[in-house]
Structure formats: C-alpha cells, structure tokens
Q: 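Pasting in a structure now, in structure tokens, and then I'll have a few things to ask.
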Amino acid sequence: MRVYTTEKDSMEKILARKMSETKDVSSVVEKIIQRVRTDGDQALFQLVEEIDQVKLDALAVSAAEKKAALEATSPELMAVFNQAKGNILAFHKKQVRQGFVATEDSGVVMGQRVIPLVCVGVYVPGGTAAYPSTVLMDVLPAKIAGVKKIVMITPTDNEGKVPDAILAAAEVAGVDEIYKVGGAHGVAALAYGTETIPKVDKIVGPGNIYVATAKRMVYGEVDIDMIAGPSDVLIVADHTGNPRWIAADLLAQAEHDKLAQAILVTTEEKLIEAVETELEKQLVNLPRKEIAAASLENNGKIILVKDLNEAIEVANQIAPEHLELSVAEPFALLGKVENAGSVFLGHHTPEVLGDYFAGPNHTLPTEGTARFYSPLSVDDFIKKSSYLYYPEEALRAVGSAVELFAKTEELDGHARSMSFRMVDDSVK
C-alpha cells in the first residue's frame, strides 16, 4: 500500500481517486436494451446463452426449485438469515414516514400522503459468487414500505441454477417472483417488461459496469437507487488501534474486487509498520489473495496525519462508503463526520457486521458519492403526493394575488382560470 503524509504530500495527490472501469460499454448496453425492448423473452433467452453461456428452459425460478433450495439449506444458516432479518427490520422500521394534514381556520386543507411503490425490481449479483445478504438488505426495506410486488432477478451458475442460499434468503425476505437473468438484459427486462417479467417502478441493487450502465440508461423509464461502483473502506486509527484487526478489515474490503479501495488514516507511524506486517502475514493464506493483493497495490492507501481532527477532515474529503473509527473515543468523532455511507464505531464494530447482520443497510454510496447519496432505506420505496382543498370564500380571498402572479409570468390562461371563478356564480 502506498504511504502518504499530510506534512509532505499535497491533498490533491492524497485524494486522487482511481475511478472504476473506464472502458465505454454504452454502445453494447444500448443494443442489448433495444433487443429486449423489441423481442422480449426471446431476446432474454438468446442473450443469456450468448453472454452467460447458459441455455435456460424457463426464465422463472419454479416452486420446485425454491423448495429444493430450502431443503438444501442448513437449519443453522436459516436461523442466521432469520436473525439478520429481525435486526434489519428493527432498524428500518424506524425509518417509516407518516403523511400529514393541516387545516386552517379559513377551511383550507393541505396535506401529504406517503404511498408505497407498486412494483420494485431487485438485482442480486450472481454467477461466480452468491450474496444472500443483498437479498435481505434490498428486499426487507421494500416490504416495510408496503411495496405490493417485489421481483428479483439474478444470474445463474453455469448449469442454470440459482444458488440455494440466494433462494433461501429470498424466501425469508418475502420475494414474490424470481427470474434467472442478470446483466444489462435483466435490467432492461425490469425496466420495459417482457411476456414473462413484469415492468417495475424502480430497480435497486448493485452490479458490474454493464448493470450500472444499463441502470443509468433506463433511468427515467423507471427510478433507480444509485450507480454503484467498487466497494471501499476507510479506517481512522489512533494509538489504540489493533494492527491485526485493522489489517483484517482492510483485506475484507480488498478481497471484494481488484478495483476495491482500502484506506488507513492514522496518527501513528508505528501502527503503519505493524499493519503492513500483518497484511503480508494475512495475505499468505487468504483464498482470494490475488484479488486482495491487486486491490491493495493499485488502490490501497495509508495516510499519516498529525491528529484525529485532520484524520476526519481527510475522511470527509474522501467520503468513503464505509468509515471505521478504530479509536479510543469514537463517539467524540462521530459528530464531525460529514461524508460517509455508514460509520462503524470502536474496535469491536468491524464493517463486516454491517455487511450481513447488524441492521443498518449495506447498500451504500461508493466512489465518493456519500457527499450527496444516502444508504438504501425505506424512503427509496415510497413516493409522496400532496393534496389541497380551498372552499369558495378562501379562494376569493387570494384570487387577485394569484391573478397578479400569473400575469407577471405572462400566462394569461392561468390568470383566467382564477378570474373566471371570481366573476362566475359558484357551482354548488
């Protein structure tokens, strides 16, 4: 990992960020989307065979497949899924919004309704890896919001099978329909609908560059949560930091992807040396060591700062997806954090708790977008609609003001809409 110091290196150099894959896949994705829009299910079968090298007999996961997956999943893992579900539900239920109504003395009534989306599509990455945690994190907030139908899509393995853990988690979370399709073609199917897959109102969930590009292209036809890039973690550590634990947490992020970013910001030179030693030691027997090593070499950073206040300043500028405060008094720093997807406080709160189990959502803004994006929440699955009622006398009291406003904008039709009501007899 490259080592920087705020005393010698410019902030521009320290903060320089390698963006995610730069190759332009837009033209490829655009053609895929058009094929799905034109040929529906037929295009999906063809694209799954062409891109994923899998020949499917059916797009939908059958009841028999779901039953077999549940039978193959150990009771211990099902218990863990249900325990995680309870934690996720408990946290997200606190996010539920209420509508309101305000009635004035004049008889004017104003209000806002909170309305759940009707149908949501959840993208779950698959193929070479299974992420049942994504199922729970993305589906359960939608259930709390009151979404009527939740449709899940996910790529299969080489034999056209969805991993048992994914199907078991979907059963625990309450997914309504599951389809064996991923990639840009899966996103297109959710956005426009096919003979089999229903058109949804919103698509959520992470994916590769083809998925991210497709989500960007269909935005407007449907809503999306965010454009997810490679995962990242930033650990702020003081003299109390445990080098073995810190190294493990850095590697936990680095093993995701060669493009993942792991950063340590610390006040202690001795800790840097100890963490580097631990990284070398732990990499030796890490199953995904090639991926983790490439991530650390190409994107990893260690930043030496003069004090913890400067550490938080650096963290705020980087705006990490995950921020660990591995310090003696983490709550003393929490109020100074402005930009972070999720914050993990203290030595005994590793980021992996948030990945799977604790309750806060793990679908988080990446690549510095925590400056303006928020974690996935119940809010992502609702819309708000306002309403208004004026009785006749209340309308007459403000009529001239509204007319003047309309004429100032040279919208005579708007003005007439009001003036006619001022001169005509009221419709009883």
Side-chain angles (χ1 to χ4, degrees), residues 1-20 229-283 292-347 349-351 366-371:
M1 294 174 73
R2 293 181 179 88
V3 179
Y4 303 86
T5 172
T6 53
E7 286 188 357
K8 298 179 181 178
D9 298 301
S10 68
M11 288 306 296
E12 182 179 3
K13 181 179 180 181
I14 292 172
L15 298 174
R17 177 187 294 272
K18 282 190 177 182
M19 300 305 289
S20 57
S231 190
D232 64 79
V233 68
L234 188 152
I235 302 174
V236 172
D238 63 8
H239 65 283
T240 65
N242 183 313
R244 186 183 185 198
W245 297 357
I246 291 170
D249 292 355
L250 293 170
L251 288 172
Q253 214 45 232
E255 73 173 352
H256 268 296
D257 189 333
K258 291 180 180 180
L259 297 171
Q261 187 171 49
I263 302 172
L264 170 62
V265 181
T266 182
T267 56
E268 308 299 315
E269 285 191 63
K270 290 183 179 180
L271 184 64
I272 293 175
E273 297 174 7
V275 169
E276 288 182 319
T277 299
E278 276 293 333
L279 286 171
E280 291 181 7
K281 186 187 303 183
Q282 294 181 32
L283 266 172
S295 168
L296 294 180
E297 181 179 353
N298 296 325
N299 304 303
K301 295 179 181 181
I302 297 176
I303 305 169
L304 180 65
V305 294
K306 62 184 179 183
D307 56 37
L308 289 178
N309 284 329
E310 187 174 55
I312 295 300
E313 289 176 11
V314 170
N316 281 331
Q317 291 187 65
I318 293 174
E321 178 187 9
H322 309 98
L323 174 60
E324 288 190 14
L325 298 180
S326 185
V327 297
E329 298 182 16
F331 283 96
L333 298 181
L334 180 59
K336 299 176 183 179
V337 175
E338 296 174 349
N339 300 321
S342 191
V343 184
F344 303 83
L345 299 159
H347 303 302
T349 316
E351 181 269 318
T366 60
E367 296 188 298
T369 58
R371 292 181 296 110

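Owing to the predicted nature of the structure, the values given are computational and were not obtained by experimental measurement.
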Q: Do any pairs count as a ring-ring contact (aromatic ring centres under 6.0 Å, His included) and have a residue in residues 307-346, sequence neighbours left out, and if so which ones?
A: none
Q: So do the side chains of Ile14 and Gln317 get within less than 4.5 Å of each other, counting heavy atoms only?
A: no
Q: Within the 3.5 Å criterion, strictly below it, is a donor on Asn298 or Lys258 matched to an acceptor on the partner's side chain?
A: no
Q: State, with a plain yes or no, whether a side-chain heavy atom of Leu323 is found less than 4.5 Å away from one of Asn339.
A: no
Q: Can you name the residues that form a side chain to side chain contact (heavy atoms under 4.5 Å, CB included) with Glu329, not counting sequence neighbours?
A: Ala332
Q: Check whether any side-chain heavy atom of Asn316 lies under 4.5 Å from a side-chain heavy atom of Val337, and answer yes or no.
A: yes
Q: With a 4.5 Å cut-off on side-chain heavy atoms, are Glu7 and Leu304 touching?
A: no
Q: Within the structure provided, determine whether Pro243 and Leu271 are in side-chain contact (heavy-atom separation under 4.5 Å).
A: yes
Q: Measuring from Glu351:CD to Leu234:CG, what's the distance to the nearest 0.5 Å?
A: 12.0 Å
Q: So, do Leu325 and Ile312 sit near enough that their side-chain heavy atoms are less than 4.5 Å apart?
A: yes
Q: For the residue pair Lys301 and Gln261, establish whether any side-chain heavy-atom pair is separated by less than 4.5 Å.
A: yes
Q: Are the side chains of Lys270 and His239 in contact, using a 4.5 Å heavy-atom criterion?
A: no
Q: Nearest 0.5 Å, please: how far is CG in Leu15 from NZ in Lys13?
A: 12.5 Å
Q: Could you check whether any side-chain N or O of Asp232 sits under 3.5 Å from a backbone N or O of Glu321, counting only pairs where one atom can act as donor and the other as acceptor?
A: yes
Q: So, Lys281 and Glu278, do they make that salt bridge, N to O below 4.0 Å?
A: yes
Q: For the atom pair CD1 (Ile263) and CD1 (Ile318), what is the distance rounded to the nearest 0.5 Å?
A: 4.0 Å
Q: Tell me yes or no: between the side chains of Gln253 and Ser231, is some donor less than 3.5 Å from an acceptor?
A: yes
Q: Looking at every non-hydrogen atom in both residues, tell me the closest pair between Ala315 and Pro320 and how far apart they are.
A: O-CD, 3.3 Å
